[in-house]
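Okay, structure first, notes after.
Below, chains carry the letters A, B, ... as their sequence lines are ordered, and counting in each starts from 1. Model, not experiment: these values are computed from the prediction.
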Protein chains: 2
Amino acid sequence: MRVLDIGEVAERSGVVPSTLRYYEEIGLIASLGRHGLRRQFDGDVLLKLSLIAMGKAAGFSLEEIAGMFGRDGRPEIPRDQLRVRADELQRQMVELRTLRDVLRHVADCPAPSHLECPTFRKLMQAASRERLVYRPSSGPRSGRKAASKP
Amino acid sequence: MRVLDIGEVAERSGVVPSTLRYYEEIGLIASLGRHGLRRQFDGDVLLKLSLIAMGKAAGFSLEEIAGMFGRDGRPEIPRDQLRVRADELQRQMVELRTLRDVLRHVADCPAPSHLECPTFRKLMQAASRERLVYRPSSGPRSGRKAASKP
DNA sequence: GCTTGACCTCAAGTCGACTTGAACTTGTAC
DNA sequence: GTACAAGTTCAAGTCGACTTGAGGTCAAGC
């Protein structure tokens with residue numbers, strides 16, 4: 001089970017063939033060669049795809065992720081860049097926690113309009129201090145959809 | 001300071017005028033009217049923009065956010081939808097924590113190739129169990145860039 | 001030897017959220 | 001009364017990450 005063809009990789013990784021081809025095209029993964037027309041991949045590609053998925057979840061772009069692998073395909077990541085990103089994740093977690101609290105409050109608060117509820121306003125201010133809001137012109141480019149049904 | 005023109009709104013909210021116009025175009029915010037050509041907004045719009053920013057950070061699309069405001073412009077959010085989203089945020093936080101740990105490990109682990117490091121593999125498996133990776137075809141649409149310099 | 005199903009290529013399309021550019025208008029300051 | 005900064009419209013462009021479609025190829029099974 002060393003060599004997998006693209007269909008198997010797709011099935012085992014959950015990444016569809018068109019995406020695998022795209023990843024190969026941009027140099028994110030490499031195939032061993034072909035069997036007829038079919039791309040053949042080393043089993044390692046599965047772990048690599050996991051890393052890619054994690055990188056995406058961490059907010060890295062595909063380009064950044066690609067930059068993390070050395071020429072030989074092994075991960076080769078600048079350590080301080082990783083630490084920076086880890087710290088960013090930390091901050092992001094704090095934001096998410098506040099946000100979760102706001103949502104829960106809004107869901108439970110009986111006030112007719114949240115705009116007048118002191119708790120709501122206080123939470124908003126906290127969020128504001130965390131720079132969740134009033135973030136001048138440099139927020140996420142596009143919304144991240146939470147993963148839905150498996 | 002009840003009525004603000006678009007420039008002021010932009011300055012105070014950090015949302016650029018073109019975006020404000022776009023938001024008005026899609027019905028997310030409303031202007032009171034014009035002073036000459038210039039859009040005038042009620043001060044309330046600032047809070048609304050905060051809510052929008054929070055919604056985006058929470059992973060809601062603009063369309064979903066728009067759906068959360070009733071006709072009168074007051075937030076009018078289906079409570080169970082909020083709870084669902086709060087729970088999703090909770091899950092997302094757990095994912096981020098694992099991810100942070102992976103990044104920190106990779107940053108600190110002296111092993112020449114992480115692929116052979118048992119700790120790394122264990123963390124990867126944990127991430128896998130959390131469905132951070134191997135998530136079949138329904139992940140985030142596009143990467144979220146962490147907010148950078150203010 | 002032929003069918004079949006899974007792959008292939010390449011160009012173009014999609015999606016959300018904006019931004020940009022060209023050409024025009026206006027209130028305010030001098 | 002004129003210059004000018006800051007607004008305006010509208011169409012089109014951008015970005016990342018894919019997906020889709022049309023038309024072609026191939027290895028394995030009958």
Shorter than 3.5 Å, N or O on both sides, protein versus nucleotides 21-23 of chain D: list them out with atom names.
none

Next on the checklist: Closest-nucleotide mapping onto DNA chain C: is B:Tyr23 or A:Pro17 further toward the 5' terminus? I mean the 5' end.
Outcome noted: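 Closest to the 5' end, via its nearest nucleotide, is A:Pro17.
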Checklist outcome for this item: The contact string for nucleotides 19-28 of chain C, one letter per nucleotide 5' to 3', using protein heavy atoms under 4.0 Å with B, S and - for base, sugar-phosphate only and none, comes out as SB----SSSS
Round to a whole Å and report the spacing from [atom1] of [X] to [atom2] of [N].
{"X": "A:Arg34", "N": "C:dA6", "atom1": "CZ", "atom2": "C1'", "value": "14 Å"}
{"X": "A:Glu63", "N": "D:dA17", "atom1": "CD", "atom2": "P", "value": "8 Å"}
{"X": "B:Leu4", "N": "D:dG7", "atom1": "CG", "atom2": "C1'", "value": "16 Å"}
{"X": "B:Glu24", "N": "D:dG7", "atom1": "CD", "atom2": "P", "value": "14 Å"}
{"X": "A:Phe41", "N": "C:dC7", "atom1": "CZ", "atom2": "C1'", "value": "12 Å"}
{"X": "A:Arg39", "N": "D:dC26", "atom1": "CZ", "atom2": "P", "value": "14 Å"}
{"X": "B:Leu20", "N": "D:dA6", "atom1": "CG", "atom2": "P", "value": "16 Å"}
{"X": "A:Glu25", "N": "C:dC10", "atom1": "CD", "atom2": "P", "value": "9 Å"}

Checklist entry - Quick check: does any side chain N or O of A:Ser13 sit under 3.5 Å from a backbone N or O of A:Val9, one acting as donor and the other as acceptor? => result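 Yes.
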Checklist entry - For the residue pair A:Phe41 and A:Leu32, what are the closest heavy atoms and their distance? => result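 Result for this residue pair: C-CD1, 3.8 Å.
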Item to check | Residue pair A:Glu64, A:Arg85: steps toward the salt bridge (charged side-chain N to carboxylate O under 4.0 Å, His left out) verdict | outcome: CA-CA 12 Å; A:Glu64 288 172 311; A:Arg85 195 64 64 140; 3.1 Å; yes
Item to check | Touch class at under 4.0 angstrom, heavy-atom based, for A:Ile26 against every strand present | outcome: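 Nothing: the residue A:Ile26, judged by heavy atoms under 4.0 Å, touches no strand.
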Item to check | Those residues that, when tested against A:Glu63, pass side chain to side chain donor-acceptor pair (under 3.5 Å) (two or more places apart) | outcome: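 With sequence neighbours excluded, A:Glu63 shows a side chain to side chain donor-acceptor pair (under 3.5 Å) to no residue whatsoever.
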Checklist entry - Looking at residues at least two apart in the chain, or sitting in another chain, which of them share a side chain to side chain donor-acceptor pair (under 3.5 Å) with A:Arg83? => result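 A:Arg83: side chain to side chain donor-acceptor pair (under 3.5 Å) contacts with B:Asp108.
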Checklist entry - Please walk me through it: do A:Arg91 and A:Glu88 pass salt bridge (charged side-chain N to carboxylate O under 4.0 Å, His left out)? => result CA-CA 5 Å; A:Arg91 197 173 47 69; A:Glu88 266 170 20; 5.4 Å; no
Checklist entry - Can you name the side chain to side chain contact (heavy atoms under 4.5 Å, CB included) partners of B:Glu24, sequence neighbours left out? => result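 Partners of B:Glu24 under the side chain to side chain contact (heavy atoms under 4.5 Å, CB included) test: B:Ile29, B:Ser31, B:Arg39.
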Next on the checklist: The criterion is side chain to side chain contact (heavy atoms under 4.5 Å, CB included); which residues satisfy it with B:Arg104, sequence neighbours excluded?
Outcome noted: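 Expected list: A:Ala86, A:Asp87, A:Gln90, B:Arg100.
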Item to check | A:Leu51 side chain near B:Phe120 side chain, heavy-atom distance below 4.5 Å | outcome: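 SC-SC contact between A:Leu51 and B:Phe120 confirmed.
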